[in-house]
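On a predicted model such as this, the values are computed, not experimentally measured, just so you know. Each chain gets a letter, A, B and so on, in the order the sequences are listed, and its residues count up from 1.
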Number of protein chains: 2
Amino acid sequence: MKNNVKCSPRSYHLFFRNLANPVKISIISSLKEAPASVGELSKKLKIEQSKLSHALTNLKNCSIVNAKQKGKHRIYFLNKSTILPMLNLIDKHRCKFCPNKK
Amino acid sequence: MKNNVKCSPRSYHLFFRNLANPVKISIISSLKEAPASVGELSKKLKIEQSKLSHALTNLKNCSIVNAKQKGKHRIYFLNKSTILPMLNLIDKHRCKFCPNKK
DNA sequence: TTTTCATATGAAATATATTTCATATGTCTT
DNA sequence: AAGACATATGAAATATATTTCATATGAAAA
């Protein structure tokens, strides 16, 4: 059964805006491999803790990531169902239309 | 045959950044229906000409739109192959994960 | 070849987003 | 319940993107 409900332009804008940030893309790239706590991400990506925290809060508001508490750590994990196909679309797009840009 | 070439995080970032703008989303929404010149878009969307021109230049650099000259008008048209599936992903995402937000 | 209409461009002004840092909150351990 | 560790939050400082406006370029018509 196909879903035909369309978002408003504003919703599209908010969605893209939330992703248009290098820190968030790094987070997504890392969580694609495995879930991680803020501290682990901070160490791995060499990004300051509160910076990650701000970014993760935004991504969570959009349900691009989710979190579960585990002791004093909060483990973030990627909601892959939207973002992975989306990144694949970009991969293909760039192959087809922007082959010279890295 | 499946395509497995992956973009750099920076490429993803640039792609999303280019879309994270209400003017550009309006343009895309309009061109989804039909190609149009800058003047037509300006009239339809009530957006000032040079503003559109700046936005269209960016979208064109990313091959999200293309243009053909027709007399003194430049007709922009949407490269639907990437953006339409991407908007569909967002539609679905919001249905599933953010049903209460408009 | 001058005028007119259509679009593009550059740069300053403005708006918006990100970063930083001090501190608050929350969860365990003792 | 006090201390230690992990994460979140608010707000000012900073960085980045968008808008605006004056003007340039380009194409067609006169």
Side-chain angles (χ1 to χ4, degrees), chain A residues 8-31 34-78 101, chain B residues 8-31 34-78 101:
Chain A
S8 64
R10 170 141 185 86
S11 294
Y12 294 132
H13 170 218
L14 292 176
F15 192 94
F16 286 126
R17 189 174 65 170
N18 197 13
L19 292 172
N21 174 300
V23 172
K24 289 172 188 166
I25 296 295
S26 297
I27 290 170
I28 289 168
S29 300
S30 179
L31 295 184
S37 70
V38 181
E40 289 169 331
L41 288 171
S42 181
K43 195 169 167 190
K44 179 173 176 197
L45 303 174
K46 299 178 189 355
I47 295 175
E48 191 264 324
Q49 176 268 321
S50 76
K51 204 164 152 179
L52 283 172
S53 214
H54 282 299
L56 285 163
T57 298
N58 291 344
L59 290 174
K60 193 161 176 300
N61 285 338
C62 247
S63 299
I64 292 166
V65 304
N66 290 290
K68 61 184 174 217
Q69 196 73 26
K70 195 179 177 185
K72 46 173 104 164
H73 295 245
R74 184 165 299 173
I75 309 297
Y76 282 91
F77 55 99
L78 190 62
K101 299 171 189 170
Chain B
S8 64
R10 171 141 185 86
S11 293
Y12 294 132
H13 170 219
L14 292 177
F15 191 94
F16 287 125
R17 189 173 66 171
N18 197 16
L19 292 173
N21 175 300
V23 173
K24 288 172 189 167
I25 297 294
S26 298
I27 290 170
I28 289 168
S29 300
S30 179
L31 295 185
S37 69
V38 181
E40 290 169 330
L41 289 171
S42 181
K43 195 170 167 189
K44 178 172 178 198
L45 304 174
K46 298 179 191 350
I47 296 175
E48 191 264 324
Q49 175 269 320
S50 76
K51 205 164 152 178
L52 283 172
S53 213
H54 283 298
L56 285 163
T57 298
N58 291 343
L59 291 174
K60 193 161 177 297
N61 285 338
C62 249
S63 299
I64 292 166
V65 304
N66 289 289
K68 62 184 173 215
Q69 195 73 25
K70 194 178 177 185
K72 49 173 101 162
H73 296 245
R74 184 166 297 175
I75 309 297
Y76 282 91
F77 54 100
L78 190 62
K101 300 171 189 169

Exercise for the section: Test side chain to side chain contact (heavy atoms under 4.5 Å, CB included) on L19(B) and L19(A) and set out the steps. Expected result: CA-CA 10 Å; L19(B) 292 173; L19(A) 292 172; over 6 Å; no
Exercise for the section: Would you check if the side chain of S42(A) reaches a backbone N or O of V38(A) as a donor-acceptor pair within less than 3.5 Å? Expected result: no
Could you list, one pair per line, each protein nitrogen or oxygen that sits under 3.5 Å from a nitrogen or oxygen of nucleotides 12-16 of chain C, together with the distance?
none

Practice task
Answer yes or no: does a side-chain N or O of Y76(A) lie under 4.0 Å from OP1 or OP2 of dA6(D)?
Solution key: no
Handout entry: Spacing of H73(B) atom NE2 relative to dT4(C) atom C1', expressed in whole Å
Key = 12 Å
Practice task
Find the distance H13(B):NE2 to dA17(C):C1' and express it as a whole number of Å.
Solution key: 11 Å
Exercise for the section: Identify the heavy atoms of R17(A) and A20(B) that sit nearest to each other, and give their distance. Expected result: CA-CB, 3.4 Å
Problem - Whether S30(B) side chain and S26(B) backbone form a donor-acceptor pair below 3.5 Å - result: no
Exercise for the section: Starting from the C-alpha separation in whole Å, work towards a yes-or-no answer on side-chain hydrogen bond (donor to acceptor under 3.5 Å, both in side chains) for S8(B) and S11(B). Expected result: CA-CA 5 Å; S8(B) 64; S11(B) 293; 3.1 Å; yes
Exercise for the section: Using whole Å, report how far CG of L56(A) lies from C1' of dT18(C). Expected result: 15 Å
Exercise for the section: Using a cut-off of strictly less than 4.0 Å, decide whether T57(A) has a side-chain nitrogen or oxygen near OP1 or OP2 of dT9(D). Expected result: yes
Practice task
Provide, to the nearest angstrom, the distance between the NZ atom belonging to K68(A) and the P atom belonging to dA6(D).
Solution key: 19 Å
Practice task
Determine whether N18(A) and N61(A) make a side-chain contact, defined as any pair of heavy atoms from C-beta on separated by less than 4.5 Å.
Solution key: no
Completion exercise
With sugar-phosphate taken as primed atoms, P, OP1 and OP2 and all else as base, the protein-contact string of nucleotides 19-30 of chain C at under 4.0 Å (heavy atoms; B, S, -) is SBB-----SS--
Fill in the blank from the handout: Closest non-hydrogen atoms of N21(B) and H13(A), given as atom of the first, atom of the second and distance, are N-CD2, 3.4 Å
Practice task
Apply the side chain to side chain contact (heavy atoms under 4.5 Å, CB included) test between V23(B) and each candidate in I28(B), L45(B), I47(B); give the one that qualifies.
Solution key: I47(B)
